6 protein chains.
Amino acid sequence: MRISNGDRAKILVQALPYIQTHAGRTVVVKYGGSAMTDGALKDAVMSDIVLMQLVGIRVVLVHGGGREISAVLGRLGIESRFVGGLRYTGPESIGVVQMVLAGKVNKDLVRLLERHGGRAVGLCGLDDGMLKARRRREPPDLGFVGEITSVNPAALDNATRNGYVPVVAPIAGGEDGQVYNINADVAASRIAAELKAEKLILMTDVRGLLRDKDDESTLIPVVNVSDVPRLRKQGVVTGGMIPKVACCVDAVRRGVGRAHIIDGRIPHSILVELFSDEGIGTMFR
Amino acid sequence: MRISNGDRAKILVQALPYIQTHAGRTVVVKYGGSAMTDGALKDAVMSDIVLMQLVGIRVVLVHGGGREISAVLGRLGIESRFVGGLRYTGPESIGVVQMVLAGKVNKDLVRLLERHGGRAVGLCGLDDGMLKARRRREPPDLGFVGEITSVNPAALDNATRNGYVPVVAPIAGGEDGQVYNINADVAASRIAAELKAEKLILMTDVRGLLRDKDDESTLIPVVNVSDVPRLRKQGVVTGGMIPKVACCVDAVRRGVGRAHIIDGRIPHSILVELFSDEGIGTMFR
Amino acid sequence: MRISNGDRAKILVQALPYIQTHAGRTVVVKYGGSAMTDGALKDAVMSDIVLMQLVGIRVVLVHGGGREISAVLGRLGIESRFVGGLRYTGPESIGVVQMVLAGKVNKDLVRLLERHGGRAVGLCGLDDGMLKARRRREPPDLGFVGEITSVNPAALDNATRNGYVPVVAPIAGGEDGQVYNINADVAASRIAAELKAEKLILMTDVRGLLRDKDDESTLIPVVNVSDVPRLRKQGVVTGGMIPKVACCVDAVRRGVGRAHIIDGRIPHSILVELFSDEGIGTMFR
Amino acid sequence: MRISNGDRAKILVQALPYIQTHAGRTVVVKYGGSAMTDGALKDAVMSDIVLMQLVGIRVVLVHGGGREISAVLGRLGIESRFVGGLRYTGPESIGVVQMVLAGKVNKDLVRLLERHGGRAVGLCGLDDGMLKARRRREPPDLGFVGEITSVNPAALDNATRNGYVPVVAPIAGGEDGQVYNINADVAASRIAAELKAEKLILMTDVRGLLRDKDDESTLIPVVNVSDVPRLRKQGVVTGGMIPKVACCVDAVRRGVGRAHIIDGRIPHSILVELFSDEGIGTMFR
Amino acid sequence: MRISNGDRAKILVQALPYIQTHAGRTVVVKYGGSAMTDGALKDAVMSDIVLMQLVGIRVVLVHGGGREISAVLGRLGIESRFVGGLRYTGPESIGVVQMVLAGKVNKDLVRLLERHGGRAVGLCGLDDGMLKARRRREPPDLGFVGEITSVNPAALDNATRNGYVPVVAPIAGGEDGQVYNINADVAASRIAAELKAEKLILMTDVRGLLRDKDDESTLIPVVNVSDVPRLRKQGVVTGGMIPKVACCVDAVRRGVGRAHIIDGRIPHSILVELFSDEGIGTMFR
Amino acid sequence: MRISNGDRAKILVQALPYIQTHAGRTVVVKYGGSAMTDGALKDAVMSDIVLMQLVGIRVVLVHGGGREISAVLGRLGIESRFVGGLRYTGPESIGVVQMVLAGKVNKDLVRLLERHGGRAVGLCGLDDGMLKARRRREPPDLGFVGEITSVNPAALDNATRNGYVPVVAPIAGGEDGQVYNINADVAASRIAAELKAEKLILMTDVRGLLRDKDDESTLIPVVNVSDVPRLRKQGVVTGGMIPKVACCVDAVRRGVGRAHIIDGRIPHSILVELFSDEGIGTMFR
């Protein structure tokens, strides 16, 4: 792409109305999938976050880290066990999960944001008791995987008010003194709800919700949360999309303006979502 | 230009380091020439200003209005008289100058900024005694054209702190009770100095300072203020460029970071100046 | 009047309870009529405003300028046309109205207040979108004379909070992009209502509401707004008093504490109204 | 005096420039003499104080109370002993002095100010360790009469910032645990110095400094502090005026703008001093 | 008691949960009885107050002073008259009461707190019109003993917000211009209610409420306010305990968290109440 | 120890002067050694920290974690290598060091403080670029062990101002993009210097500096930093004490009030240091 400085300026100006819409609002981004493993995509996401911060958007970045957890567990000779596609977190794993998420993935992201000119602090659900959880009650049993019982937004509010992007590792403390592993989509959804965010953005490795999951041209751009039960019956929402869609529905029901499932494999997909009319992926409202 | 949303996002991200440099700083723009008369150029400038405001730059817009003054004087049957290229402001004209600048040009700009999503208030040098002047002492005699004796930045500070772009009409009050017409370049330069602005940008109808005034390819991109006397001797700074260059030199000497003479005929020339390495026009430092 | 310093001090002290009543409250003054054309009266009004500001009253000054508009229109060869006593504002006049009110009358008042030791900024309904209007719907057709659709008090609040008297020229922007001429009494009334002012004071060239319009001794000092319909039927409210009384009634109905029609030909009539039990003119409550 | 409302308004306006001069400044008044015993004079002083507070002057009122002290001592059968015109404060008297000044005179003044519409709190030099003292070192021995060693202005600053007139009883704590009686003129002078007051006003029962102490027409309106030694040599400053003049000189030397000895027997003498060109009494600068 | 530094540290740590419970809350202490007359007990109370202030508790200290009042009245030859155990305050006494309480007892306490490292200001109900009262309506007639009609907490709020312990003498101003003597328990109770205090603590010379008033082992540690009528019928609440219990009940009914009657003869009884599970004395809830 | 509530209260009161000395000041604690591994000692330290926070001391807790690092390295089959008693941090270890310190030890401490009623956030030197480092230049080569080049206190200031104890893991970012392992004593020393702390406290497993290292009765309670060279020559400062003493000397030289080497094996040794005259361990000044 060879674009003149004049055309660049014009494009900046065309972003103006979108920036005006979002300035001062809160956007919670769940960061994961390819966007977290591919070097160029990582840089693109970091740039997007820093730009959002600069034009006055309050960004909270919640991340996963399944791949890194599996790698360290592997090196420690602990088998990664999955039940119904979900990680089982046994007593020997939970400490590793905490260590990898809160100590490695989290702080590496903080450093990467800093390298792109952002200001960030790395937190987890244990800081100031931000996330409280108890053992998941629904089957299957996943060991020390928790469900959130309350969210204390004070540390996040302090961070954004002081000009930081808080980067959040999804682990939580239990009333029983146990640490729990929390699904990152769920953590992002509940945090978005607690902060009365304008948007929740889940970065995934799919285009969005597809009417025919093998045909990307059947993307459903907009879904009313009231239509979700029908879409599940019709088999449009299936497999790995079920919990993601549930997070979006839950966020909207709890007062988040819009929830989005976007394709993290596309560079700058967050900005495209924020700064164009068409948006990208599937929006729940 | 047909550019994909992804490429647009990429261009936004490429502006990031420039935005980071300028955020929180003050930029004083002298608005005039073709950029003030051509409809499309006007819209482009307004967009530029609003974008600057949005990314955290404190903008002050100082405007001229010679053409509108001449038009109204003409309709009133008052001849516009020029001495050495400068408007002579007689006792019958000064009231018209005030009325046109502070009442028409100024408030129309405020309205235009609002239509582009900006927040602006229209002030002139009489508000809160912002500009004080006395009759020009250097020849030629230009009637009620004043030279600034002091600048009170309180009303400008209040405006920018409250989120407004102050739009300033260059008229001033005299200790003698007289109103004075002030050259807009000079007013912008002195205001920039008083506000310890990062940049003063003079919008003109020329490319910048040219080594050969008939050959735009001889543009001098950067001038050290200490080299200006030599450039005057060499005949590079002549005619209408003499006072403009003097304003730039004066601003830099009084502590403004950079002063720029840019070509207002090029759309978005302000943004190009702010958001590219090459910049545009001639920079004085 | 030869009064000793001691008696002067005593009089100051006698004003104390009145000052205590008004301190911290907002008073909106519509300035017009003889008080705006006679030099000595002008000085008296300016002194009154500055004194009010000093004892802690938040003053907003809304002004007209019919005479100046007519003068400039005349010099431009545009006939001032009146319909039912109201100025018709044609397409060739509206620009002149804006220019004269916002550029000449307004800024001259700012300067005059400054000369009396006050701090003022000159605004009009276009600044920060303060007054929004649409074309008057009631007959007679008056061209670009508008009726106010909304008032944005932000710029006024910023001004008074920063210690300024905002001086307001009554022109407004329309959603249609048109500028509208607004009756100054109406503008003052609506602004007073939006600011939850304690008082609206309309300066006129009559004593107040007279039971017999040819006999000043029949002044009605106090009117309950609920009695106005009866007074209109009785022919007490007639002619030019009809719109003024309507402004007062409207202001009180919208929450303004008291509305006053006072005689601007009497020096310091505003202070007499504020700082005596008897007051002056007619009070609507 | 029969003065119309219009003339009253004019007189208010004539006070304007004086009010503008003093607004926001601190004035320390030493209250004593006839102004403290005559009912009408008391009311006049209270009104003056409240008016000063209302027009934005920060007032601190320091009072004496010799007459009340003598009365209570008398009722207790303790003889009031004077040495060289100064009260000797013995061990049996100091508790009475504290009780009368801080408990009776002080709180009665607070109540009187409140009745005139002011807001006041009654403090003494013991509150927050405001005044620290040691036993007077110069002869004659006066018992527990102290000289001030330090002034802590925190409680006074808190009071004025919260909108109160602090009323101050002149007693002080010693490092030795003893309470000391402090001359009220001295306390006022040192407090004025610590607060960088614009004015110190000592209310007395004389016209001011007279060239011939038996001829009021020989009042010296202005004294430069550098001329005081000469005036003492000339016998112009004698007797009870010596310590009062010393307080004024000391205050000016420590940075107070002006110090005044005024005649408290004249109603509203404080206002006359503040709000006229001629002032009243003798001014030290 | 010979305790090692390590054991001392352990004891500090054991106080932690209690401190955490009270930090940031308001505690109103009525100070009186032996704790006010015995030197060692006085020092202990002052230390307790300063420690409370330091760990973040907002303390208000209301004091009596019957013994000092009687002493001064005696010296003045005025007989202390009691009606049903309550002081009759005649016209010749009320001034003495004010003087002793507000000028002597109050300021001495301020000085004592300062000597223990605290910061205090001495106020009474006359300051900023804190306590308003009228003559008691219930028999017996007690002269100028008042019942509180309103409490203005502004001066107390200012004091605690600025880091002071306000020390309050219980006298009040009447609408009739009269000063009234107020029972200190009642003043403390009403102030606690107005400040929405967490605790009201009445220091007395008894253990608390005893089932058998001659047997301290029959102390009732906790009383529900709804049980008080029954306790009165049973003769458990009798004599001097009746008004004290009534103050506690009234405080709890008006929103104070807990009210306590504690034994001021025990050193550090306030701290024992605040910083132990068992507490001390009788608690009303 | 069986101590009555009264004696407990007395002990609290005896701590008062020490609390007054430290309130509002900053204390940086390096936490390590036995105090970090023994359960009862851990609880004692946490209580001490929370108590300090509660009485108004700003605490920053810097921790090590050598034992946990060795354990995880061991489980990963990476040998812990030491050079001259210092850990060599190779490319395969640095990621583990970050993960264990910032993810496990750090967040476990945050949780523990919360369980003791404190409010804490877990940070490391990567957050907001708090610690910047480069590879150690002095021999021996220790791999990715860094020396601090700059300290950015913003995140620490935000944390303490918002009422948190910041818990800090000593890793740092390099200008070269590398993460560095930092000695915790050094990190604490430099942070204390940057925050202009009143005290740096290094918790160790020795009594302090001993004249005869085998005889605890030869403890040197106070050392002037100017005497350290002599003590090194005399062989008093040797072995593992050399770097610890160097940290203390460096902190004092950079403006920290006092630096202490204390014995973490003694319960509540921090409180004993803060709240007794004798203190504990060795103080450098």
Side-chain angles (χ1 to χ4, degrees), chain A residues 1-24 40-57 113-119 163 262-281, chain B residues 1-24 40-57 113-119 163 262-281:
Chain A
M1 185 179 56
R2 183 69 204 100
I3 296 180
S4 72
N5 283 336
D7 283 347
R8 284 169 185 282
K10 197 178 296 176
I11 288 164
L12 286 178
V13 162
Q14 286 163 354
L16 199 48
Y18 303 102
I19 296 177
Q20 291 172 325
T21 303
H22 300 302
L41 286 175
K42 277 173 87 163
D43 281 334
V45 172
M46 295 301 113
S47 298
D48 291 3
I49 300 292
V50 174
L51 184 69
M52 289 162 74
Q53 184 181 27
L54 211 70
V55 298
I57 300 172
L113 279 167
E114 191 203 354
R115 282 230 297 273
H116 283 80
R119 297 183 67 209
I262 70 171
D263 189 345
R265 297 167 307 179
I266 301 172
H268 303 299
S269 49
I270 302 176
L271 288 196
V272 172
E273 167 44 42
L274 286 170
F275 294 157
S276 72
D277 276 350
E278 307 82 11
I280 198 168
Chain B
M1 185 177 56
R2 183 66 205 99
I3 296 182
S4 73
N5 284 336
D7 283 346
R8 285 170 184 281
K10 199 179 294 176
I11 287 165
L12 285 178
V13 162
Q14 286 162 356
L16 198 48
Y18 303 101
I19 296 177
Q20 290 172 327
T21 303
H22 300 303
L41 286 175
K42 278 173 86 162
D43 280 334
V45 172
M46 294 301 114
S47 297
D48 291 2
I49 300 293
V50 174
L51 184 69
M52 289 163 73
Q53 184 181 25
L54 212 69
V55 298
I57 300 171
L113 279 168
E114 190 203 354
R115 282 232 297 272
H116 282 81
R119 298 185 65 209
I262 69 171
D263 189 345
R265 298 166 306 179
I266 301 172
H268 303 299
S269 49
I270 302 175
L271 288 196
V272 172
E273 167 44 42
L274 285 171
F275 294 155
S276 72
D277 276 349
E278 307 82 12
I280 199 169

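These numbers come from a predicted model, not from an experiment. Letters go in sequence order (proteins before strands), and every chain restarts at 1.
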Just so I understand: if I count every heavy-atom pair under 4.5 Å between each of A:I266, A:L274, A:I280, A:V272 and chain B, which residue has the most?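 Sorted descending by pairs with chain B, the first entry is A:V272.
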Does any pair with a residue in residues 265-276 of chain B pass salt bridge (charged side-chain N to carboxylate O under 4.0 Å, His left out), and if so which ones, sequence neighbours excluded?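 For residues 265-276 of chain B: B:K199-B:E273, B:E216-B:R265, B:D263-B:R265.
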Nearest 0.5 Å please: distance from the CD atom of B:Q14 over to the CD1 atom of A:I3.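 Between B:Q14 CD and A:I3 CD1, I get 8.0 Å after rounding to 0.5 Å.
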Atom pair CG/CG of B:N5 and A:D277 - distance to nearest 0.5 Å: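 One finds 9.0 Å between CG of B:N5 and CG of A:D277.
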Quick check for you: among B:I270, B:V55, B:L12, which has the greatest number of heavy-atom pairs under 4.5 Å with chain A?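 Top count of heavy-atom pairs under 4.5 Å with chain A: B:L12.
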N/O donor-acceptor pairs under 3.5 Å from side chains in residues 41-54 of chain B, not counting sequence neighbours:
| from | atom 1 | to | atom 2 | distance (Å) |
| --- | --- | --- | --- | --- |
| B:D43 | OD1 | B:H116 | NE2 | 3.3 |
| B:S47 | OG | B:D43 | O | 3.1 |
| B:D48 | OD1 | B:H268 | ND1 | 2.6 |
| B:Q53 | NE2 | B:G163 | O | 2.7 |

